[in-house]
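Side-chain atoms are counted along with the backbone in the values below, which use heavy atoms only and exclude waters and symmetry mates. Proteins get letters first, then strands, A, B, ... in listed order; numbering begins at 1 in each.
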Amino acid sequence: MSLGPRSIFRKTWRTVASVEAGVVLLILVVILSAVGTIVLQRPVTSADEMQSAYSPQVLRILDAVGLTDVFHSWWFLGLLFLVSLCIVAASIDRLPHRWRYFSSPYRYPDEGFRRANRPQKSLALVNAKAFEESSLVAAERALQSKGYNPERVVRQDHIGIFAEHHRISELAVYIVHSSLLLIFFGAIVDGLWGWRGTMNLNEGQSSNVVAMRDGETRTLPFYLRCDAAGEENYKDGTPKRMWSKLAVVKAGQDVQKKEIVVNDPLLSSGFRFYQSSYGTNGTLGHFTELEVSHEPGQWVVWSGVVLMGIGLAFVFYLVHMRIWVVPVRDPKTGKLSLWIGGSANRNRDGFEKRFNDLVASIENELKPLTCSAPDGATRFGR
Amino acid sequence: MTLIVLVGLAIAFLLYIAFLNGSRNGSLWSETNLLFATLIFYAGAGALYLGFGVTGAESCVKFASLATWLGLIANTAAVAHRWYDAGHPPFSNVYEMLLSFVWALAVLTLIAEKKYGVKVIGTITMPVAIVGVVLMQLLRTSVHPLIPLLQSTWLDVHVTLAILAYAACTLSFAFAMMFLIQDNVKTETFLAISSASTLAIYASIVLICFGRWGGLSLAAWSKDRKVEVFFFQGLRLPVTIREMGWLITAALLVVALPLACYGLARWRNNLSFLTLANRSVFVSILMQGLTLAVLLLSAHAGGSTADNSAGSSSATAAASPFLLTGLLAGIFISLLYLLLLLRRPDLERLLPTTDKLDRITYRTISLAFPLLTVTIATGAYWANQTWGSYWSWDPKETWAAITWLVYALYLHMRITVGWRGRRAAYFAIAGFAVVIFTFFGVTYLLRGLHAFA
């Protein structure tokens, strides 16, 4: 027994790429996020509240372990990183095989495959060489009527038909997984380079300074001016609409103007300005409170989301269906028959129904052929 | 047959009462009355579906479907009424969401019944719908104008998707339960599980709510405004219903009976204890019904005292949605066991095969999962439009993600590891429990940005 570095690597790799590892990691994520919603979290709770909710000792322990800020703790982020690693490893582990399957489909079924594959059906043909070709033509017509695009496979000693639908379905899972990675990547970019802050502007005032939550400030590469702001209320006093008329000023010139409301922010060179609050201060008139955010990674996140939608649609609603049609001559009796086989990567019952439909339609196409057969034989074996 | 007549009579009687009430107030087609009619029809449908499971009479299903259809019509009318009154789709608070959710659930029940031929599916989904409608009676029903945050097309998109996803999850749960019944889960196992969960419900109620001098301490509930009463920011005002605590404790003991008998039977290896356990399930159901009735009545009567030191505010009818859900859930779990206990040997014939049920459960989840995904995605997009951040680890967001992960785990276990049958069914049931928590638990137990629903 030698445990060289290679075998240790192989073992680790196997573990990381296994489904079990992924499942265990996901369960951990579930448990820890649940804990993070039950224990009060520092970023959204005031210090006073934290102190009144927990005794000092408990609070010290919670703080030390990081349970008061689960979603920004190093171990939670590490866990998410491990999940990503697991996805990558599992994909690398399985993708090459899948890719071969995807890029060079199995077009001609050999004897062993023909014996084992389900569903399948054999239609007996009239015993004449010419019927090989004409039966294939009939099958092609039937396949075309069912929306397939049949492909003639010609090898040295045999011919057949291969047809398929939705081959992309084989890669769907990888699309979903890579979309998840894309979302993680965008979120990491935002975590590292994104920020949020607030900006208070009186009517007519302009500024380029954003106040961050930790007391720091950030300077924008342009000035923002508030031309007007206001609030409308319903009769019962609940707010109906809050708005601010904003202008982006670059080098002394207005380059962009927009009236923003609560669900409709102003976007200017990567910075977003949201209507957050509105108020009046005695001498200066009205002021508006804006939320400012910079999220350079969000477009990566959105493209990940769209990709995931597409991937999931493929996973659940596209079935890779394959059909093979091969004329077969029995080596002992010399009888000719048409072997039809099918395969689907999911929803097998639904496929079996379609397969039977297809066989019925091929039988139909074959009928005129067999009726005009020289010896008048019409035989269909099942 | 007697059952059908009885249920029919009960429906007619209740409707008549409602009619009298309505005509006295001069508003026959008010939303409350429509909801009441919905409740009556759904309850009748539930009873008939249950009756079908027990008697196996085809006519039960026919009338059950009819009752569901009528309930759905009343429900649709209530939705339309609400929509017209509010001027926006009924999506903007918990009450409105429940209204739409119950509607979606009834529609899916009828589809499942017609398309997949799972005739007893209503046994599970109708009780869920009933719990939903009963809960609605406790929630604030007044129409409120939309606050700026909710004035977005994304509200409609996001909530429609969420309701569909939740309803699909409920359906998958019902299919999984059907699977377990068809798969001949040993009645004893189910007895243990059902009585343990009922016991857990009562134990947590006693632990949380048992107040001083045997009272039952609850969050104060303002009857007119239908909201919880707070005496300080974030702190609910506790109110005590006198003597109720003892009743709940007594109920806890009765509910513990079946489990105790089951334990004895296992320990002594004596089957006569199992018979005893089955009998005590009946007693437990009666006791639970009694407890619920007394609680509702005494809460309705008011006169409970607030037990903060000021002691000034009192006499608000106390009831909390959680308590009520717990009590109702306990009753339904026990009833479900009865269905299993009384099942006819030919119930198998009435249900699709286990294989088919297993597949339908999976199919429903493969519908629910993309819906959940898109719900989360639209929610994130909307949050980004409003708060400047697509993900802020708010409890609702986090629990939505947890639900998503649980179903993702289900899919992996099923597709990659090959979990089929019973294990997959248990997984689907657990997934539904998480969905319920995300829907209600987060709103009432955890606070966050998603405060409106």
Side-chain angles (χ1 to χ4, degrees), chain A residues 19-20 22-23 26-27 29-31 33-34 36-38 41 43-44 49 70-72 90 173 176 186-187 190 194 196 231-232 234-236 238-243 261-265 272-276 291-295 298 301-302 305-306 308-309 312-313 315-317 346-347 349, chain B residues 144-155 233-235 355-356 359 363 365-367 369-370 373-374 376-378 380-382 384-399 401-403 405-406 408-409 411-413 415-417 434 437 441-442 445-449:
Chain A
V19 184
E20 288 81 1
V23 167
L26 284 188
I27 290 175
V29 172
V30 164
I31 293 171
S33 344
T37 62
I38 292 163
Q41 299 291 295
V44 290
E49 238 175 311
V70 171
F71 303 112
H72 303 98
V173 172
V176 174
D190 280 347
R196 282 175 78 186
E231 182 183 41
E232 291 152 36
Y234 290 109
K235 276 180 202 139
D236 64 352
T238 49
K240 181 182 182 186
R241 189 165 178 273
M242 268 185 256
W243 53 271
V261 289
V262 168
N263 280 312
D264 189 13
R272 284 163 177 264
F273 300 90
Y274 299 85
Q275 180 71 51
S276 163
E291 184 103 21
V292 186
S293 84
H294 176 58
E295 292 170 320
Q298 66 161 303
V301 172
W302 299 132
V305 166
V306 170
M308 179 177 284
L312 282 177
V315 165
F316 290 119
Y317 299 106
R346 52 181 71 96
N347 189 14
D349 323 301
Chain B
H144 280 262
L146 289 179
I147 56 170
L149 168 70
L150 298 181
Q151 295 163 15
S152 166
T153 329
W154 289 105
L155 167 75
Q233 225 186 351
L235 282 177
D355 257 10
K356 189 172 175 200
R359 269 199 314 270
R363 282 263 195 90
I365 289 180
S366 54
L367 179 73
F369 188 72
T373 314
V374 193
I376 297 175
T378 50
Y381 191 78
W382 183 21
N384 196 44
Q385 289 287 12
T386 310
W387 295 316
S389 158
Y390 46 84
W391 197 261
S392 23
W393 295 108
D394 171 75
K396 194 78 166 188
E397 283 174 351
T398 311
W399 275 96
I402 290 176
T403 316
L405 281 178
V406 169
L409 278 172
L411 293 171
H412 281 93
M413 291 315 261
I415 298 170
T416 322
V417 187
V434 179
F437 188 78
V442 176
L445 291 182
L446 311 169
R447 54 196 166 137
L449 297 165

Taking it one step at a time, do B/W393 and A/V70 satisfy side-chain contact (heavy atoms from CB on, under 4.5 Å)?
CA-CA 10 Å; B/W393 295 108; A/V70 171; over 6 Å; no
Under 3.5 Å, is there a donor-acceptor pair between the side chain of B/Y390 and the main chain of A/V301?
no
Okay, A/A313 and chain B: the region with an atom under 4.5 Å from a heavy atom over there is neither
Look at B/L405, B/L409, B/V434, B/V417 and state which one has the largest set of heavy-atom pairs under 4.5 Å with chain A.
B/L409
For the atom pair NE2 (B/H412) and CD (A/E20), what is the distance rounded to the nearest 0.5 Å?
12.0 Å
Honestly, the part of B/A380 sitting under 4.5 Å from a heavy atom of chain A is both
From B/Q151 atom CD to A/R241 atom CZ, the distance as rounded to the nearest 0.5 Å:
8.5 Å
What part of B/T386 gets closer than 4.5 Å to chain A, counting heavy atoms only: side chain, backbone, both or neither?
both
Any side-chain donor-acceptor pair under 3.5 Å between A/N347 and B/R359?
no
Point-to-point distance, once rounded to the nearest 0.5 Å, from CH2 of B/W387 to OG of A/S293:
13.5 Å
All side-chain hydrogen bond (donor to acceptor under 3.5 Å, both in side chains) counterparts of B/S366, not counting sequence neighbours:
none
To the closest 0.5 Å, what do you measure between CZ (A/F316) and CZ (B/R363)?
12.0 Å
Apply side-chain contact (heavy atoms from CB on, under 4.5 Å) to the pair A/Y274 and B/N384, showing each step before the final yes or no.
CA-CA 10 Å; A/Y274 299 85; B/N384 196 44; 4.0 Å; yes
Part of B/T416 lying under 4.5 Å from any heavy atom of chain A
side chain
Where on A/F71 is there a heavy atom nearer than 4.5 Å to chain B: the side chain, the backbone, both, or neither?
both
I'd like to verify something: which residue of B/A408, B/G388, B/S389 has the highest number of heavy-atom pairs under 4.5 Å with chain A?
B/G388
Part of B/L411 within contact of chain A (heavy atom distance under 4.5 Å):
side chain
Relative to chain B, which segment of A/V19 carries a heavy atom at a distance below 4.5 Å: side chain, backbone, both, or neither?
side chain
Looking only at atom types and distance, does a side-chain atom of A/Y234 sit under 3.5 Å from a main-chain N or O of B/L146, one as donor and one as acceptor?
yes
Which bit of A/T238 comes within less than 4.5 Å of chain B, counting heavy atoms only: side chain, backbone, both or neither?
side chain
Relative to each other, are the rings of A/W302 and B/Y381 parallel, tilted or perpendicular (30° and 60° limits)?
perpendicular
So OG1 of B/T373 and CE of A/M308: to nearest 0.5 Å the spacing works out to 6.5 Å
How about NZ on A/K240, more than 12 heavy atoms from neighbouring residues, nucleotides or ligands closer than 6.0 Å, or not?
no
For A/Y317, is it the side chain, the backbone, both or neither that has a heavy atom under 4.5 Å from a heavy atom of chain B?
side chain
The interface call for B/I415 against chain A, heavy-atom contacts under 4.5 Å, is neither
Is it the side chain or the backbone of A/D349 that comes within 4.5 Å of chain B heavy atoms, both, or neither?
side chain
Could you measure the distance from the CD1 atom of B/I402 to the OG1 atom of A/T37? Nearest 0.5 Å is fine.
5.5 Å
Under 4.5 Å heavy-atom distance to chain B, tell me which part of A/V305 shows up: side chain, backbone, both or neither.
side chain
Heavy-atom closest pair (B/P370 atom, A/L312 atom, distance to 0.1 Å) is CA-CD1, 4.2 Å
Could I get the full list of side-chain hydrogen bond (donor to acceptor under 3.5 Å, both in side chains) partners for B/W154, not counting sequence neighbours?
none
Pick from B/S152, B/A377, B/A401 with the largest number of heavy-atom pairs that fall under 4.5 Å of chain A
B/S152
Any side-chain donor-acceptor pair under 3.5 Å between B/W391 and A/D190?
no
A/E291 versus chain B, heavy atoms under 4.5 Å apart: side chain, backbone, both or neither?
side chain
